[in-house]
J.: 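Sharing a structure below in structure tokens format, with a few things to ask.
As the structure lists them, so they are numbered: ligands from 1, and atoms in each ligand from 1. We number each residue from 1, following the sequence as shown.
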Amino acid sequence: MLRHLTEIDDLTKKEIYEVFDLCKKMKKGQISPKPLKGKAVACIFTKPSLRTRVSFEVGIFELGGHPIYITDPEIQLGRRESIADAARVLSRYVGLIMIRTFAHSDVTELAKYASVPVVNGLTDLGHPCQILGDYFTVLENAKKKARYKIAYLGDGNNVANSWLNLASLIPIDLRIGTSAETPPDKGMMERALQNKESQVLVTEDPKEAVKDADVVYTDVWASMGQKDKFEEKSRQLSKFQLNTTLLSGASPDHLVLHCLPAERGREITDDVMDGPHSVVFDQAENRLHIQKAIMLFLLKESKKKKK
Ligand code: CP
Ligand code: NVA
């Protein structure tokens, strides 16, 4: 049955662990599948990228495929022709479509009409590949635990939303420290609250969010497409900066994560980013392994007959 990853909850809890298992094996070089052999992959970007673009392109190459980088001036998705028609056409050429764009509804529309897997490489609502890779990084680096205390500090943006979406499936004690003006998405919040195995707290008190946390996470205060709000967001979020004073309240062996790109000196200080708790570059490396695991999983499942 055709499978997509528009958000993390397109997967079941069991499938998430299957993706992590594939990721682990691929990272160790224990498997080298070529599910994209002889196929091209459309990589649509209407926002900038370093990690997502390069990790997908390298991942596609390593899975035997050929990436095609498509920017907005060419494709003009939804403007030059309907998203449905673009999805139908692309599906005749490529084995998979990866898209980074603004409106999440553009990704779900593409997935609705495509006959190949569609992967969300970030929208204004969510960043599922990022959070799957990040949780894999936590599992790799933290002491084994049934439920991690994860503190996300900063803007209630796409990254915070995908953490909530993960918490709707995987048991997490998730604390989001943010201002009253920058909350995460309501729908994502409601879905997370339905998972009784997880605990979710949104607080305006950064110390409460960080208390005894196993993982402390941040992201830029003003996301792509919102850079005009930079001054306003900086004012609203300054007390949520990751610095050594705030992090003294976290668990002594906490990990520091940042999806990157970082605006050093704003949401995170240099000494935290480069300090002994930071795993940000392992986290960035894992984007490559998780993209490969996601693509392999979706291609494999899409080949199976509908039950
Ligand atoms: N973390 C992340 O998605 O980085 P890019 O914006 O560089 O792809
Ligand atoms: N929230 C950030 C994430 C970048 C990877 C943005 O959307 O710009």
Side-chain angles (χ1 to χ4, degrees), residues 5-8 23 41 43-60 67 69-72 98-107 119-138 150 152-166 176-179 181-185 188 215 217-234 236-237 240-242 256-264 266-268 273 278-295:
L5 182 72
T6 62
E7 239 319 322
I8 296 173
C23 186
V41 174
C43 300
I44 306 169
F45 281 88
T46 68
K47 285 178 176 172
S49 173
L50 187 166
R51 282 142 289 269
T52 307
R53 178 180 174 188
V54 179
S55 58
F56 263 104
E57 289 206 10
V58 173
I60 291 160
Y69 176 61
I70 308 166
T71 60
D72 190 55
M98 180 265 132
I99 175 166
R100 162 170 289 195
T101 193
F102 293 85
H104 190 74
S105 56
D106 287 0
V107 177
V119 179
N120 174 4
L122 181 147
T123 64
D124 289 345
L125 183 71
H127 198 359
C129 299
Q130 177 74 53
I131 300 308
L132 288 171
D134 296 346
Y135 196 71
F136 178 81
T137 307
V138 173
I150 296 182
Y152 172 94
L153 281 97
D155 192 29
N157 60 15
N158 41 14
V159 169
N161 291 336
S162 287
W163 269 116
L164 283 168
N165 204 246
L166 185 71
I176 297 183
T178 192
S179 75
E181 293 84 15
T182 54
D185 180 77
M188 292 290 208
V215 176
Y217 193 111
T218 193
D219 181 16
V220 289
W221 288 337
S223 286
M224 292 179 273
Q226 302 182 347
K227 296 295 177 193
D228 56 321
K229 293 196 180 134
F230 181 75
E231 294 303 330
E232 187 187 344
K233 295 252 189 194
S234 298
Q236 292 161 340
L237 296 167
F240 299 97
Q241 182 193 59
L242 300 200
V256 170
L257 277 82
H258 189 314
C259 57
L260 306 182
E263 295 188 9
R264 287 169 176 257
R266 297 195 193 269
E267 75 277 1
I268 189 164
M273 178 115 165
S278 172
V279 290
V280 298
F281 297 109
D282 294 323
Q283 181 187 359
E285 180 194 327
N286 282 336
R287 294 294 308 280
L288 169 63
H289 308 298
I290 204 78
Q291 321 294 33
K292 287 169 69 183
I294 291 166
M295 289 189 281

J.: I'd like to check the side chain to side chain contact (heavy atoms under 4.5 Å, CB included) partners of Gln226; sequence neighbours left out, ordered by chain and number.
T.: Asp155, Ser223, Lys233
J.: Do any N or O atoms from the side chain of Lys292 and from the backbone of Cys23 form a donor-acceptor pair under 3.5 angstrom?
T.: no
J.: Is it the case that the side chains of Glu7 and His104 hold a donor-acceptor pair, with the cut-off being a distance below 3.5 Å and no angle test?
T.: no
J.: With hydrogens left out, which residues have an atom under 4.0 Å from ligand 1, given that only heavy atoms count?
T.: Ser49, Leu50, Arg51, Thr52, Arg100, His127, Gln130, Cys259, Leu260, Arg287
J.: Quick one about Thr137 and Asn286 (side-chain donor to acceptor, distance below 3.5 Å, no hydrogens or angles considered), yes or no?
T.: yes
J.: List of N/O pairs, ligand 2 versus protein, all under 3.5 Å?
T.:
from	atom 1	to	atom 2	distance (Å)
ligand 2	1 (N)	Asn157	ND2	3.2
ligand 2	1 (N)	Asn158	OD1	2.8
ligand 2	1 (N)	Asp219	OD2	2.6
ligand 2	1 (N)	Ser223	OG	2.7
ligand 2	7 (O)	Asn158	ND2	2.8
ligand 2	7 (O)	Ser223	OG	3.4
ligand 2	8 (O)	Met224	N	2.8

J.: Do Thr218 and Glu267 meet the criterion of a side-chain donor-acceptor pair at a distance under 3.5 Å?
T.: no
J.: Would you name the heavy atoms of Asn120 and Gly126 that are closest together and state the gap between them?
T.: ND2-O, 3.7 Å
J.: Once ring-ring contact (aromatic ring centres under 6.0 Å, His included) is applied, do any residues pair with Trp163, and if so which ones, sequence neighbours excluded?
T.: Tyr217
J.: Would you check if Leu122 and Met224 make a side-chain contact, meaning some heavy-atom pair closer than 4.5 Å?
T.: yes
J.: Looking only at side-chain N and O atoms, does Arg287 offer a donor or acceptor that is under 3.5 Å from a partner on Gln130?
T.: yes
